[in-house]
Amino acid sequence: EEVLEIAEQTGDGDCAIFLQEISYLLTPAQKDIINMVVKDPTLIKPSGKLNVKQISEALDLTWFETDKHIKTLSCILENDL
């Protein structure tokens, strides 16, 4: 639901529906990562990759834990993050 509310704020209904459909596949940390990136798109580097260091610091996780969550998200979303 949190992801859905944020997605609605961006005005992208298709995104909200998609995130609602896959939310059961996501861990709380993965949902937090999605929420962070939706709220702060600067976490996406010019290369299209996510800034693992900034995300890990914000979530108080190690770089390796965060990277693992992001790689799993990449598989779920079928996108190279």
**Message:** Under the rule for side-chain hydrogen bond (donor to acceptor under 3.5 Å, both in side chains), what residues qualify as partners of T42, not counting sequence neighbours?
**Reply:**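 Result, side-chain hydrogen bond (donor to acceptor under 3.5 Å, both in side chains) vs T42: D40.
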**Message:** To the closest 0.5 Å, what do you measure between OG (S74) and NE2 (H69)?
**Reply:**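 That separation rounds to 13.0 Å.
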**Message:** Let me confirm one number: the CG-CD1 distance from L59 to I33, rounded to the nearest 0.5 Å.
**Reply:**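 The CD1 atom of I33 is 6.0 Å from CG of L59, to the nearest 0.5 Å.
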**Any residue meeting side-chain contact (heavy atoms from CB on, under 4.5 Å) with S56, in chain and number order, not counting sequence neighbours** =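 Listed in chain order: T66.
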**Where T27 and Q30 come nearest, the two heavy atoms and their spacing** = N-OE1, 2.8 Å
**Request:** Among residues two or more places apart or on two chains, list those pairs meeting salt bridge (Lys or Arg N to Asp or Glu O under 4.0 Å) that have a residue in residues 58-71.
**Result:** D67-K71
**Asked** Looking at I55 and M36, what are the two nearest heavy atoms and their distance?
**Response**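 Taking I55 first and M36 second, the nearest heavy atoms are CA-CE, 3.9 Å.
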**Message:** Holding to side-chain contact (heavy atoms from CB on, under 4.5 Å), I want the full list of residues that pass it with I44, two or more places apart in sequence or in another chain.
**Reply:** V37, L50
